[in-house]
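Please read the structure below before turning to the comments.
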2 protein chains.
Amino acid sequence: MTDFEECYKAVLKLRGIKSTKQRLAVLEVLCKSDALTAEEIFLNLRDSFLNLSLSTVYRILDTLSKNSVVTKSGLMEGGRALYEITPAAHRHNLICEKCHKITPLRDCPLAEYENDIEKKTGYAISGHKLEVYGICPNCK
Amino acid sequence: MTDFEECYKAVLKLRGIKSTKQRLAVLEVLCKSDALTAEEIFLNLRDSFLNLSLSTVYRILDTLSKNSVVTKSGLMEGGRALYEITPAAHRHNLICEKCHKITPLRDCPLAEYENDIEKKTGYAISGHKLEVYGICPNCK
DNA sequence: GTCTTTGCAAATCATTTGCATGGAA
DNA sequence: TTCCATGCAAATGATTTGCAAAGAC
């Protein structure tokens, strides 16, 4: 068993989720890239799995999202949802409008802004979604 | 003909889009609320229109989006897209997670942040999407 | 009159669900 | 052994499309 599997088995156990080879495989694929659709994950795994169904991938992503192991992005380009391993730190993505390359952004300038809004509107702010768009150096 | 119709007829003419009663009706509904799904718009109009089809609403929203008259929000809660009249000024929404009430936010703290990112990443930044979530005063 | 838009129904796409079987603890 | 997870196929929900008829300019 690889180090990778060991690690994610522990992560799942911690959350009370059973380890199955499908779940570990989904996590492995997600670890290798920034954000993928359910179908992209499915296609990545179809080769290595004799039988794997797309609905299983959806169910796994749902389970892992609910347990904060993965995060469902709000992007939804063309109606498709994107999933990624939940970043340890709060993070946003910078997305190239041509090649769709995703560059993670480290800092988030919104903490103060949220405080402000909380006072002005009376909402209890729970979070936000921020995605920045542009053209990456390669595509320029 | 109402002032409203006059106004939006002019807007459409300016963009080279033909004025039809369906298009004006969609615009009128959108003017009265903050952000709606295609189906909500359809239901709003169904009473006043003998025959109106949902696909027409989708086609109108598509046309108007492409011409920047309306803006398709990235929110997509539960897979449904939200549409609103393109705000004259750059604006973001604060969304209640219980009742889905939408409160527009006036200020945007991201201009400097975008400059920063542009320098650090080499991207040509074209814009961003920001939505803030929380519980509104009523639902608390 | 010409070309675009609409209504309707059928098609499509992403995602979800029911149910019997297989697998993890 | 006891449930929970999976595969498959069918269902659902949002959105799109083909085509003939109605409408805008």
Side-chain angles (χ1 to χ4, degrees), chain A residues 1 5-6 8-27 29 35-43 45-67 69-70 72-83, chain B residues 1 5-6 8-27 35-43 45-67 69-70 72-83 100:
Chain A
M1 188 177 305
E5 278 172 332
E6 284 300 350
Y8 268 102
K9 271 194 160 178
V11 170
L12 294 180
K13 190 164 199 175
L14 206 66
R15 313 258 178 177
I17 305 172
K18 283 184 187 168
S19 288
T20 66
K21 65 179 198 289
Q22 291 88 337
R23 282 173 180 168
L24 293 171
V26 167
L27 284 170
V29 171
L36 296 171
T37 64
E39 198 182 14
E40 284 166 344
I41 296 168
F42 171 67
L43 292 175
L45 291 173
R46 162 167 270 195
D47 306 321
S48 35
F49 268 81
L50 317 227
N51 309 344
L52 170 68
S53 84
L54 182 53
S55 49
T56 297
V57 174
Y58 276 108
R59 274 191 281 228
I60 288 172
L61 291 171
D62 189 50
T63 302
L64 296 181
S65 293
K66 282 181 179 142
N67 286 277
V69 180
V70 314
K72 187 175 181 175
S73 152
L75 176 60
M76 297 261 192
E77 69 159 278
R80 282 190 243 87
L82 288 170
Y83 301 84
Chain B
M1 187 177 304
E5 277 172 334
E6 284 301 350
Y8 267 103
K9 271 194 161 181
V11 170
L12 293 181
K13 191 163 198 174
L14 207 65
R15 313 257 179 179
I17 304 172
K18 283 185 188 167
S19 289
T20 65
K21 65 179 198 290
Q22 291 89 335
R23 283 173 180 168
L24 292 171
V26 166
L27 284 171
L36 297 172
T37 65
E39 197 181 15
E40 284 165 344
I41 296 168
F42 171 67
L43 293 175
L45 290 173
R46 163 168 270 195
D47 306 322
S48 34
F49 269 82
L50 318 226
N51 308 344
L52 170 67
S53 85
L54 183 53
S55 48
T56 298
V57 174
Y58 276 108
R59 273 190 282 227
I60 288 172
L61 291 170
D62 188 50
T63 302
L64 297 181
S65 295
K66 283 182 177 141
N67 286 278
V69 180
V70 315
K72 188 174 181 176
S73 152
L75 176 61
M76 297 263 192
E77 68 158 279
R80 283 191 242 88
L82 289 169
Y83 299 83
H100 298 123

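Hydrogens, waters and symmetry mates play no part in the numbers below; they use all other heavy atoms, side chains included. Numbers restart at 1 for each chain; the letters A, B, ... are given by sequence-line order, proteins then strands.
Put simply, A:Gln22 has a side-chain N or O that comes within less than 4.0 Å of OP1 or OP2 on D:dG7. Dashed line: the shortest gap from a side-chain N or O of B:Asn51 to OP1 or OP2 of C:dC8 is under 4.0 Å. Taking 4.0 angstrom as the limit, A:Tyr58 places none of its side-chain polar atoms (N or O) nearer than this to OP1 or OP2 of C:dT16.
At whole-Å resolution of the value, OH in A:Tyr8 and P in C:dA24 are 20 Å apart. The distance between atom CD of A:Glu40 and atom C1' of C:dA14, rounded to the nearest whole Å, is 13 Å. Distance, A:Leu64 CG to D:dA5 P: 11 Å, rounded to whole Å. One can place CD of B:Glu39 at 6 Å from P of D:dA14, the figure rounded to the nearest angstrom. The separation between B:Leu24 atom CG and D:dA24 atom P is 10 Å, rounded to whole Å. The nearest whole Å value for the distance from the CG atom in A:Leu27 to the C1' atom in D:dA5 is 15 Å. The nearest whole Å value for the distance from the CD1 atom in A:Ile60 to the P atom in D:dC4 is 17 Å. Residue B:Lys21 contributes atom NZ, which lies 12 Å from atom P of D:dA22 at whole-angstrom precision.
A:Phe42 and A:Ser53 get closest at one heavy-atom pair: CE1-C, 3.8 Å. Taking every heavy atom of both residues into account, A:Glu39 and A:Leu54 meet most closely at CA-CD1, 4.1 Å.
Each end of the helix from C:dG1-D:dC25 to C:dA25-D:dT1 gets its own axis from five base pairs, and the two axes differ in direction by 40°, given to 10 degrees.
In this structure, B:Leu61 and B:Ile41 have side chains that are in contact, with non-hydrogen atoms separated by less than 4.5 Å. Proximity of B:Leu12 to B:Asn67: side-chain heavy atoms (C-beta onward) are nowhere separated by under 4.5 Å.
Between the side chain of A:Arg59 and the base of C:dG18, a donor-acceptor pair under 3.5 Å is found. A donor-acceptor contact under 3.5 angstrom links the side-chain atoms of B:Ser55 to the base of C:dC8.
Ranking C:dC8, D:dC8, C:dT15 by closeness to the A:Leu54 side chain, first place goes to C:dT15. Residue B:Ser19 places its side chain closer to D:dC25 than to any other of C:dT15, C:dT5, D:dC25. Relative to the side chain of B:Ser53, the nucleotides C:dT15, D:dA5, C:dG7 differ in distance, and C:dG7 lies closest.
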What does the list of N/O pairs under 3.5 Å between the protein and nucleotides 2-4 of chain C look like, with a distance for each?
| from | atom 1 | to | atom 2 | distance (Å) |
| --- | --- | --- | --- | --- |
| C:dT4 | O4' | B:Lys18 | NZ | 3.1 |

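B:Thr56 comes within 4.0 angstrom of a base, heavy atoms only.
In this structure B:Thr63 satisfies the side chain to side chain donor-acceptor pair (under 3.5 Å) test with no other residue, sequence neighbours excluded. Annotation: side-chain contact (heavy atoms from CB on, under 4.5 Å) contacts of A:Ser65 (sequence neighbours excluded): A:Val70, A:Lys72, A:Tyr83. For A:Ser48, the side-chain contact (heavy atoms from CB on, under 4.5 Å) partners are A:Leu45, not counting sequence neighbours.
Listed by first and then second residue, the salt bridge (Lys or Arg N to Asp or Glu O under 4.0 Å) pairs involving residues 45-67 of chain A are A:Asp62-A:Lys66 (not counting sequence neighbours).
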Under 3.5 Å donor-acceptor pairs involving side-chain atoms of residues 19-26 of chain B, not counting sequence neighbours:
| from | atom 1 | to | atom 2 | distance (Å) |
| --- | --- | --- | --- | --- |
| B:Thr20 | OG1 | B:Arg23 | N | 3.1 |
| B:Arg23 | NH1 | B:Lys18 | O | 2.9 |

